[in-house]
Amino acid sequence: MIKKFPIALVDCNNFYASCERVFNPKLWGRPIIVLSNNDGMIIARSNEAKALGIPMGDPLFKVKDIVKKHNVAVLSSNYTLYGDMSQRVMSALEHFCPDVEIYSIDEAFLNMEQYKGRNITDYCRYIRTKIRQWTGIPVSVGIAETKTLAKLANRIAKKNPELDGVLNIIESPKIDLYLKKTPVEDIWGVGRQYTKFLNKHNIFNALEFRDVNDKWIRKNMTVMGQRTLFEIRGIPCVSIEYSAPPKKAIVSSRSFGKVTSNLQDLKEAVSYFTHVASRKLRKQNSECHLLSVFLRTNPFKNEPQYHNGCMVQMPTPTSITSEMLKYAHQALEQIFKEDFLYHKVGIMLTGIVPKNKSQLSLFDEEDRMKLDDLTATVDEINLKYGRGTLFYASSGIKRSWKTKAELKSPRFTTNWEELPLVKAGETDYEVELKAIKTNFYYES
DNA sequence: TCTGGGGTCCTAGGACCC
DNA sequence: TCTGGGGTCCTAGGACCC
């Protein structure tokens, strides 16, 4: 049984769009959309863009007319910027409440137990104001006694401006109304498939869901569905995790800017992804003994399709890039077939174990200690002088597979060359964009 | 012309063991 | 000719999340 206490979910409003606005005030009031990697589909929208009916997840070309007509600002995603802004928001939150679970790049759960008996709603309003003041990012807060209900409250807070960004539903007399106003598809843990299923059985909102038989939910939606149901009833089933557990799987993959059927191109890409993935593995102090490589053609094209993967078991758990490269290339060669236009390759590391507990092989022919040292040195240099200072020759230098990002804003906060400049002596402060390109809005 | 990337957990079914 | 019962481990696939 999990203890009951007030939980506040702080969620950044339209996070990526808001990050862009912090450093480019001209974007205020203007509809903004942010694109996924490779400038593929829409993954974030400002309120103005939502109001225009631009859907999440659509590819850019589908909304081109709306974009033109309403002068929508279109941006490639700038994860360096968003990651840095996220850290600022999170450390500000920790300042106000030390017990924080950083749930995603733009969300955090706060354990408000120590503020019990005080006015939590007012305190959250204060936090919200401060976050805005310190980071420039607008947030909403939902307060309840389970994570699922806090999510639900947050959504209502966001949708109703008169609530001023904060809604506390603990012991609220209006709880049934709030549940009724929440369609099942907006419940945390209910996705597309379960929505279809529930709707088929005449369950359309969270209130109807709450009163359904839990054995029946268990049977049809597994224990996960049952957990969600209990949480909606106010019984906490999902606890707050204050530190991130080590990852059980690490993936690195990317769609190409241009398709290729060339094995050498694929090898270079796989090398690069191995480098990235193994770096993540070392960062969490783990090793792994399973390495998979996968590749695929573009499923949206009307062309011969091929999709395959290959998993190799490495004799000894390792996190040494050079060693993993060997297996990665072997795996790639096993599944590579000529005459297909490849659109994506990637690598996945599984069978992850903590480094110190790894089983050593008696017949290990590699000089592991030495390679460990070498790898650590490479990591250190890259940390100090920037990612990509040292890399493996097998990842190539031409990067013909490189992903597309033509509309990216500068790294305002993490690169000296790209800092925004503020012109002195002007009332309306004007930011001069020392941008790499000047065409980073989509205006044509 | 143009459609992301990185995770989690659960379950069923097969392989294997005694 | 007749052929049990119980357990573990692994994997693939499906659901979900941001």
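What you are looking at is a predicted structure, and each value in this text was computed from that prediction instead of being measured. A note on names: the letters A, B, ... follow the listed sequences, proteins ahead of strands, and every chain is numbered from 1. For the numbers below, each heavy atom of this structure counts, side chains included, while hydrogens, waters and symmetry mates do not.
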Please report the distance separating the C1' of B/dG4 from the corresponding atom of C/dC17, rounded so that it comes out in whole Å.
15 Å

| Quick one: do the A/Asn78 and A/Tyr16 side chains pair a donor with an acceptor below 3.5 Å? | no

In whole angstroms, the gap separating P of B/dC2 from CD1 of A/Ile33 amounts to 18 Å

Quiz item: Between A/Lys344 and B/dG5, is there a side-chain N or O to OP1/OP2 distance below 4.0 Å?
Solution: yes

Are OP1 or OP2 of B/dC9 and a side-chain N or O of A/Lys248 less than 4.0 angstrom apart?
yes

Expected string for nucleotides 11-18 of chain C under the B/S/- scheme (protein heavy atoms, under 4.0 Å, primed atoms plus P, OP1, OP2 as sugar-phosphate) is ----SSSS

When rounded to whole Å, the CG to P distance for the pair A/Leu60 and B/dG4 reads 12 Å

Please tell me if the side chains of A/Met348 and A/Ile250 come closer than 4.5 Å, counting only heavy atoms from C-beta onward.
-> no

Ranking B/dG4, B/dG7, B/dT1 by distance to the side chain of A/Ile250, first place goes to B/dG7

A/Ile217 CD1 to B/dC10 C1', in whole Å, measures 16 Å

Base, sugar-phosphate, or nothing for A/Lys301, non-hydrogen atoms under 4.0 angstrom? sugar-phosphate

Of B/dG6, B/dT3, B/dG4, the nucleotide closest to the side chain of A/Ser36 is B/dG4

From NZ of A/Lys219 across to C1' of B/dC10 the rounded distance in Å is 17 Å

Of the candidates B/dG6, B/dC10, B/dT3, the side chain of A/Pro59 sits closest to B/dT3

Between CD1 of A/Ile352 and P of B/dG7 the distance, given in whole Å, is 8 Å

Separation of B/dC10 atom C1' from A/Asn220 atom CG, nearest Å, is 15 Å

Quick note, A/Lys247 side chain, CB onward, closest among B/dG5, B/dT3, B/dT8 is B/dT8

So, for A/Trp134 and A/Phe96, is the gap between ring centers shorter than 6.0 Å? yes

A/Lys64 has its side chain closest, among B/dT3, B/dT1, B/dG7, to B/dT1

- request: Decide whether A/Tyr82 and A/Glu20 meet the rule of one side-chain donor and one side-chain acceptor closer than 3.5 Å.
  value: yes

Margin query: Would you say A/Thr403 places a side-chain N or O within less than 4.0 Å of OP1 or OP2 belonging to B/dG4?
Written below: no

The answer to which of A/Ser255 and A/Pro246 contacts DNA chain B further toward the 5' end, by nearest nucleotide, is A/Ser255

According to a strict under-4.0 Å criterion, is A/Arg227 in side-chain N/O contact with OP1 or OP2 of B/dC9? no

Any strand, both distances under 3.5 Å, Watson-Crick or G-U wobble: B/dC18 pairs with C/dG5

Rounded to whole Å, the CZ-P distance (A/Arg279 to B/dG6) equals 16 Å

Out of B/dT3, B/dC2, B/dG6, minimum distance to the side chain of A/Arg254 belongs to B/dG6

dist A/Gln284:CD -> A/Ser319:OG (nearest 0.5 Å) comes out at 10.5 Å

Open item on the list: Check this one for me: any side-chain N or O of A/Lys258 less than 4.0 Å away from OP1 or OP2 of B/dT1?
Closed with: no

Item to complete: Identify whether any heavy atom of A/Asp39 sits under 4.0 Å from a base atom; if not, whether one sits that close to sugar-phosphate; answer base, sugar-phosphate or nothing.
Response: nothing

Which is true for A/Met224 with a 4.0 Å heavy-atom rule: it touches a base, it touches only sugar-phosphate, or it touches nothing? sugar-phosphate

Q: Using a cut-off of strictly less than 4.0 Å, decide whether A/Asn38 has a side-chain nitrogen or oxygen near OP1 or OP2 of B/dC2.
A: no

In whole angstroms, the gap separating P of B/dC9 from NZ of A/Lys147 amounts to 12 Å

Indicate whether the side chain of A/Ser104 and that of A/Asp106 have a donor and an acceptor atom separated by less than 3.5 Å. yes

inquiry  = Pairing donors with acceptors under 3.5 angstrom, does anything connect the side chains of A/Thr148 and A/Thr228?
reply    = no

- Answer with yes or no whether the side chains of A/Ser140 and A/Asn154 bring together a donor and an acceptor at under 3.5 Å. no

### Task
Kindly confirm or rule out a cation-pi arrangement of A/Lys344 over A/Phe256, judged by NZ or CZ under 6.0 Å from the six-membered ring centre and within 45° of its axis?
no

Comparing A/Tyr79 with A/Thr222, nearest DNA chain B nucleotide closer to 5' gives the residue A/Tyr79

